[in-house]
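Since the structure comes first, as structure tokens, the remarks are kept for the end.
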Amino acid sequence: MLILAPSILAADFTKLGGQIEETVKAGAEYIHLDVMDGMFVPQISFGMPVIETIRSCTDKVFDVHLMIEDPGRYIEAFAKAGADIITVHAEACTHLDRVIQQIRNAGVKACVALNPATPLSALDYVLDGLDMVLVMTVNPGFGGQKLIPYCLKKVSDLRTIMKDRGLSIDIEVDGGIKASNAKEVIASGANVLVGGSAVFAGDIIANTKAFMDVFAEVGKE
């Protein structure tokens, strides 16, 4: 299943509830929530209070991406705030397996993110315990970056590894994703696409539908 996950980091926070509703009406299934601590990445974004506040805006999947140091400290709190999926970075976890277990124990789906230069081998021993892998297609921390081309080869290699191991795990991509390159991204093996400014800059409904049109086209092929 092809899924669009609009990242609210690119939204207008004075109109956040309404803009989330617009993406959902146009076909988005996930809402991507980028939590940044100013340490793992340079920027600071938002935390549990914002997620709790907007949880009432929609029943769509809250895809919470923790770009923070030592995320194991906050797993239960983000689950209680309304997360349906919690993503942690392999690079930020001293004990990655333990954090994945924490996510599972909190009753939400587990995802691990890899920065562009992090090898897929970081997942060798935990892949079977995941619901999703997030392949960063830019270096995290700033919006509006261009997709790094070699990351699509990484997605393709990951999908091959999954097939060889008999796994049907979602692959999410985040960074420089647009309707204009979505088809290429999907062809590489990704099925969950995060869109930031490509969704929220300009006409949100039209932008979201542009992704939906690509998904429909791919589905017919």
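Side chains included, hydrogens not; waters and symmetry mates left out as well; all remaining heavy atoms used.
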> Take atom CZ in Arg98; do more than 12 heavy atoms of anything else shown fall under 6.0 Å from it?
Replying inline: no
>> In the structure I gave you, are the side-chain heavy atoms of Thr53 and Leu16 within less than 4.5 Å of one another anywhere?
In response: no
>> So Lys146 and Asn181, do their side chains get closer than 4.5 Å, heavy atoms only?
In response: no
>> Tell me the closest heavy-atom pair linking Ala81 and Ile51, and the distance in Å.
In response: O-CG2, 3.6 Å
> Could you go step by step and tell me if Lys154 and Leu114 meet the side-chain contact (heavy atoms from CB on, under 4.5 Å) rule?
Replying inline: CA-CA 10 Å; Lys154 190 175 182 181; Leu114 299 178; 3.9 Å; yes
> Can you find a pair of side-chain heavy atoms, one from Val194 and one from Ile177, that are under 4.5 Å apart?
Replying inline: no
> Does a salt bridge link Asp131 with Arg104, judged by any charged N lying under 4.0 Å from a carboxylate O?
Replying inline: yes
> Would the number of heavy atoms belonging to other residues, nucleotides or ligands and lying under 6.0 Å from OH of Tyr125 be above 12?
Replying inline: no
>> Among Leu33, Val99, Val108, exactly one meets side chain to side chain contact (heavy atoms under 4.5 Å, CB included) together with Ile86. Which residue is that?
In response: Val108
> Is there a side-chain contact between Val35 and Tyr74, using heavy atoms and a 4.5 Å cut-off?
Replying inline: no
> Do any pairs count as a ring pair (Phe, Tyr, Trp, His ring centres under 6.0 Å) and have a residue in residues 180-213, sequence neighbours left out, and if so which ones?
Replying inline: none
> Val199 versus Ser7: any side-chain heavy-atom pair under 4.5 Å?
Replying inline: no
> Hey, is Lys153 close enough to Asp157 for a salt bridge, meaning N to O under 4.0 Å?
Replying inline: yes
> What residues, two or more places apart in sequence or in another chain, satisfy salt bridge (Lys or Arg N to Asp or Glu O under 4.0 Å) together with Asp97?
Replying inline: none
> Just one of Val64, Ile103, Ile100 clears the side chain to side chain contact (heavy atoms under 4.5 Å, CB included) bar with Ile75, so which one?
Replying inline: Ile103
> Around atom CD of Glu91, are there more than 12 heavy atoms of other residues, nucleotides or ligands at under 6.0 Å?
Replying inline: yes
> When Ile, Leu, Val, Met, Phe, Trp and Tyr are grouped by side-chain heavy atoms lying under 4.5 Å apart, directly or through other members, which residues fall in the same group as Val192?
Replying inline: Met1, Ile3, Tyr30, Val61, Ile85, Met132
>> For Leu147 and Val173: C-alpha separation, side-chain torsions, deciding distance, then whether side-chain contact (heavy atoms from CB on, under 4.5 Å) applies.
In response: CA-CA 10 Å; Leu147 183 148; Val173 286; over 6 Å; no
> Are any of the side-chain nitrogens in Asp84 or Arg55 under 4.0 Å away from the carboxylate oxygens of its partner?
Replying inline: yes
> Side chains of His65 and Asp63: is there a donor and an acceptor less than 3.5 Å apart?
Replying inline: no
> Heavy-atom distance under 4.5 Å between the side chains of Thr118 and His89, does that happen here?
Replying inline: no
